[in-house]
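Beneath this line is the structure, given in structure tokens, with notes to follow.
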Amino acid sequence: MNDRYDVVIAGAGPAGAQCARDLVARGYDVVVLETESESEFPRQSNKSTAGTFHSMMASFGIPDDVVMQYTDSVVLESPREHYVRDQTGAVLEFAEFKRFLVEDSHEKGAEYRFDARVTGPIMENGEIVGVTYNGDEEVYGEIVIDATGPAAPLAKQLGVVDLKRENHAIGIEYEFEGIDIDRPGFADLHDAMMLRLDHNIAPGGYSWIFHTGEDTAKVGLCYIQNGSHQRYGRDSFSIDDYLNHWLETDPRFRDAERIEGKQHRGSAHIQAPDQLHTDRFMAIGDTVPSIDPLWGEGIHTGMQSGRAAAATADSCLKHDGVEPTAENLAVYETLWHRDVAPNANKRLLMTQLLYLASNERYDQLMRDLQRLDNDTLAEANKGDIRSIVRLFDTDDVPLLARFAKQQLNFDLGDLL
């Protein structure tokens, strides 16, 4: 078995597998180390609700046969209101989607080692030159990429990421049948992806229903373990308790039944990244903290980060004598901020402010969106200040003051 490659990638999720696809297309020797066994992949890592849009499908050549349901609209709900936006999309069968990325890159030349848990970096002269896995096995590469998500065994040991517990988002999802998709008093969810802002269900977060055909849907929720969750959450309630509460109180689930084996749990971090790379090393996907608002579509951004890392690796490896030092890999940071997370700081502030608002303000937000043009939300999501300002009114002064105080406390905490 070979122990030296151009690039070593830890993690076979969408970011890691897409990075491998792009690298082997350029002719590089690539090995991907994946913790799960090949026969069960991706049972444990099947963690995404898998909503995406046609831009991702087209950009990365994703086939139709991994799509559970094409959708025509995105619905935003609050406790008493809702807003419908015409926007085509797709709900993926996430396991099939991940298997496609792995099989496609493997057929084109990437090597995969399953049952291979990465445990740490191999260092020489202060630089990473390879990784250890399964305790004492070793593999070496000119460039090493961490695509393991929040586990981040390499990025953490190299000091590239510092993932804060108070920014840790956790999620749970089940697939159901027997859902009342067009319940009177609610938006029609046929061929729709619905996101709900409601602190009674997901304090400091959001919940969702993604239609997957007939009376079936993916149903889940996610929240961030931050001040907003502490402000609105219930004592001793776990994420399972919140989901069960929603299932018991929402009439759309009165006759719903869980589909056996279709359950997913996952996590990510909602914070600005510190670093993205160092000598001979890049972090991609959810290994880099996510900063998008709730409609930011993590699958697409994760794969974009894999593509940016592949282009960066190519910029060094294709030239003899060009070492992949931190300086020469800096193009990755440029591509990340341009293509993966433009206006990152503004969008992060928008996310934090959104989860700080009350349920009553969520109702008002839905009414505001109904009277504003459709571009306002899209541009606000991109970090456009004028569009963000249009979403506020004079009654938001106390909310903005509380947000400013919260930010000041965070900044002082960093200084101390």
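Along the sequence shown, residues carry numbers from 1.
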Please table the atom pairs, donor to acceptor, closer than 3.5 Å between any side-chain atom in residues 149-160 and protein atoms at least two apart or in another chain.
{"unit_1": "Lys156", "atom_1": "NZ", "unit_2": "Pro150", "atom_2": "O", "d": "3.2"}
{"unit_1": "Lys156", "atom_1": "NZ", "unit_2": "Ala151", "atom_2": "O", "d": "3.4"}
{"unit_1": "Gln157", "atom_1": "NE2", "unit_2": "Thr119", "atom_2": "O", "d": "3.0"}
{"unit_1": "Gln157", "atom_1": "NE2", "unit_2": "Pro153", "atom_2": "O", "d": "3.2"}

Who passes salt bridge (charged side-chain N to carboxylate O under 4.0 Å, His left out) against Arg234, sequence neighbours left out?
-> none
Sequence neighbours excluded, the answer for side-chain hydrogen bond (donor to acceptor under 3.5 Å, both in side chains) partners of Ser78 is Asp363
For the pair Arg196 and Asp250, find out whether any cationic side-chain nitrogen is under 4.0 Å from an anionic carboxylate oxygen.
-> no
For Ser55, all residues meeting side-chain hydrogen bond (donor to acceptor under 3.5 Å, both in side chains), sequence neighbours excluded = none
Would you check, one step at a time, whether the test ring pair (Phe, Tyr, Trp, His ring centres under 6.0 Å) holds for Tyr206 with Tyr223?
-> CA-CA 6 Å; Tyr206 60 96; Tyr223 56 70; over 10 Å; no
Please check if any side-chain donor atom of Arg367 sits under 3.5 Å from a side-chain acceptor atom of Gln364, or the reverse.
-> yes
Atom CZ of Arg26: over 12 foreign heavy atoms under 6.0 Å | yes
For Tyr70, check ring pair (Phe, Tyr, Trp, His ring centres under 6.0 Å) against everything at least two apart and list the hits.
-> His54
Can you sort out the partners of His106 under ring pair (Phe, Tyr, Trp, His ring centres under 6.0 Å), two or more places apart, ordered by chain and number?
-> none
Ring pair (Phe, Tyr, Trp, His ring centres under 6.0 Å) partners of Phe60, counting only residues at least two apart = His300
Across all chains, not counting sequence neighbours, the ring pair (Phe, Tyr, Trp, His ring centres under 6.0 Å) partners of Phe253 are Trp246
By salt bridge (charged side-chain N to carboxylate O under 4.0 Å, His left out), Arg183 pairs with (sequence neighbours left out) Asp180
With sequence neighbours excluded, what pairs up with Arg231 under the salt bridge (charged side-chain N to carboxylate O under 4.0 Å, His left out) test?
-> none
Contacts of Gln370 meeting side-chain hydrogen bond (donor to acceptor under 3.5 Å, both in side chains) (sequence neighbours excluded), chain-then-number -> none
Counterpart residues, side-chain hydrogen bond (donor to acceptor under 3.5 Å, both in side chains), relative to Gln18 (two or more places apart) = Arg21, Asp22
